[in-house]
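Not measured: the values here are computed from a predicted model. Lettering follows sequence order; numbering is per chain, from 1.
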There are 2 protein chains.
Amino acid sequence: MAEIDTRLRILDAAEALFMEFGFEATTLRQITGKAQVNLAAVNYHFGSKEALIQELFKRRLAWLNEQRIQALDRLEAEAKGAPLKPSQILDAFFGVAVKMAGDRVGGGRNFMRLLGRTYTEPSEFVRNFMAAEYSEAIARFKKALFKALPDVPREEILWRFHFMLGAMSYAISGADALHIVAEAPVDDSDSDALYARLMSFLIGGLRAPLPEILTKSTRNSAGKPRTRKAA
Amino acid sequence: MAEIDTRLRILDAAEALFMEFGFEATTLRQITGKAQVNLAAVNYHFGSKEALIQELFKRRLAWLNEQRIQALDRLEAEAKGAPLKPSQILDAFFGVAVKMAGDRVGGGRNFMRLLGRTYTEPSEFVRNFMAAEYSEAIARFKKALFKALPDVPREEILWRFHFMLGAMSYAISGADALHIVAEAPVDDSDSDALYARLMSFLIGGLRAPLPEILTKSTRNSAGKPRTRKAA
DNA sequence: GTAGAATTAAAACACACGTTTGAAACGGAT
DNA sequence: ATCCGTTTCAAACGTGTGTTTTAATTCTAC
């Protein structure tokens with residue numbers, strides 16, 4: 001009753017506080033206070049504050065990306081080798097995330113809002129860790145997008161994927177930030193509506209005509225290390 | 001030579017360090033060390049670390065939004081009362097920002113990368129301050145967008161504006177974050193190309209068809225039940 | 001050239017942080 | 001009931017933080 005429970009209480013409290021105040025500004029005393037455990041419990045169970053952060057990301061991120069990959073697996077099984085529709089791919093990737101962000105009770109909401117901010121986080125160890133945790137899912141989705149959009153330069157797809165992550169991040173960070181543009185309070189409680197809005201936007205952006213600057217020639221002299229040669 | 005210069009040196013050093021490490025993780029000793037001024041100079045010239053941050057945002061943000069408003073003024077003067085094209089409006093708003101982000105020498109690059117992260121910053125005083133500094137420009141651009149897109153619900157325009165800010169933020173945060181999706185190093189040195197990429201994406205997103213869920217009735221259970229059937 | 005204000009400099013301050021310690025309380029097995 | 005490994009607890013530790021202080025220095029004006 002009191003053993004593994006302490007770990008969970010710490011993780012949940014930390015998640016909520018990190019998302020509210022950020023990593024640096026959140027203290028272990030806040031966390032242990034909110035979790036109603038002893039201060040030393042964090043270092044006992046996790047080793048350090050940094051290790052706590054990693055553990056916190058691990059438990060959610062592993063699950064999240066597993067769900068994404070499974071969704072993609074199902075789509076590809078159905079398609080039987082045919083390229084997927086871009087909207088299906090985006091749905092598999094972003095749908096899971098937005099759904100998780102809509103989960104208020106399980107704490108997924110806190111985590112997703114934290115995650116969006118963390119993606120551009122300065123702290124190096126966090127970014128490296130994220131890159132490692134993401135790598136498998138990212139590789140799978142990149143491959144699917146390349147296949148679904150054979151006539152779009154791969155570099156362009158990556159950039160647009162990057163932009164889409166930004167839009168998603170802001171979408172999830174929600175009304176807290178939106179109130180800057182909206183002035184009046186905005187309803188962000190309906191995650192189905194949010195998802196519909198976001199998805200229209202993303203698909204519009206992904207399928208937008210290529211910028212002229214790219215359709216002409218690769219406007220650069222230096223030979224870029226083109227990692228993949230054959231396709 | 002040594003009076004106002006100290007202020008500037010502190011501001012520039014702080015900008016670079018905040019963008020590299022974040023607000024909390026950057027210490028006054030780092031700042032004054034980099035600026036080659038005495039530690040006490042920050043509190044003498046600015047009063048506190050918090051006031052330094054505000055001053056830092058003020059000097060750039062005021063200029064940035066002024067440029068944006070002037071660009072919009074020019075467009076509207078030319079149009080003589082006719083609605084602008086959405087792409088023109090986006091160009092006025094995001095073009096200035098990306099240009100500033102491409103300015104490596106003046107320090108604008110550091111600032112813009114910092115700004116993108118700060119928009120979703122947890123710290124309340126920063127967010128409130130940002131909202132105040134942005135309010136005039138945001139109001140003008142909202143009005144222009146409403147006029148340019150009379151058949152799109154205003155709430156939808158606000159959300160899409162919000163998404164666009166997210167995409168821009170990630171675009172500017174640049175290769176540091178992109179390397180997570182790209183694995184191989186990515187060239188983000190060409191701000192013209194970056195801007196062309198971003199703008200295609202944004203216009204595609206802004207002009208995307210409205211989500212079904214919104215075209216029917218305002219918003220209720222009908223539409224696109226993804227995973228949860230809403231009875 | 002000198003008084004007076006503005007700025008810089010060095011040192012210390014009070015405090016909060018993450019972490020460590022050593023003992024107390026607990027839990028299950030024998 | 002006793003033991004032993006695990007977990008909790010209160011207290012303290014060392015360090016680094018933003019800030020303040022007090023004196024030295026530089027600048028400005030007469």
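Atom C1' of nucleotide C:dA16 and atom CD of B:E24 are separated by 13 Å, given to the nearest angstrom. Here the P atom of nucleotide D:dT20 and the NZ atom of B:K49 are 15 Å apart, to the nearest Å. Rounded to whole Å, the distance from CG on A:L28 to P on D:dC13 is 19 Å. Going from atom CD1 of A:I31 over to atom P of C:dC17 covers 11 Å, rounded to whole Å. Rounded to whole angstrom, the span from the CD atom of B:E50 across to the P atom of D:dG18 amounts to 12 Å. Between A:F46 atom CZ and D:dT8 atom P the separation is 11 Å, expressed in whole Å. The distance between atom OH of A:Y44 and atom P of D:dT6, rounded to the nearest whole Å, is 7 Å. Rounded to an integer number of Å, the gap from A:R29 CZ to D:dA10 C1' is 12 Å.
Within 4.0 Å (heavy atoms only), A:A40 reaches at least one base atom of the nucleic acid. As judged by a 4.0 angstrom heavy-atom cut-off over every strand, A:T26 is placed among residues touching the sugar-phosphate backbone only.
When ring centroids are compared, A:Y195 and A:F94 stay outside the 6.0 Å threshold. For B:F141 and B:F161, the distance between ring centers is not under 6.0 angstrom.
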Query - Evaluation steps, ring-ring contact (aromatic ring centres under 6.0 Å, His included), between A:F57 and A:F111 - result: CA-CA 8 Å; A:F57 272 94; A:F111 173 74; 5.6 Å; yes
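Toward the 5′ end of DNA chain C lies the nearest nucleotide of A:T27, the other residue of the pair A:T27 and A:N38 mapping further downstream.
Between A:H45 and the phosphate of D:dT6, there is no side-chain N or O to OP1/OP2 separation shorter than 4.0 Å. Contact annotation: B:T6 side-chain N/O to C:dT8 OP1/OP2 distance is under 4.0 Å.
With salt bridges taken as basic N to acidic carboxylate O contacts below 4.0 Å, none links A:E136 and A:R68.
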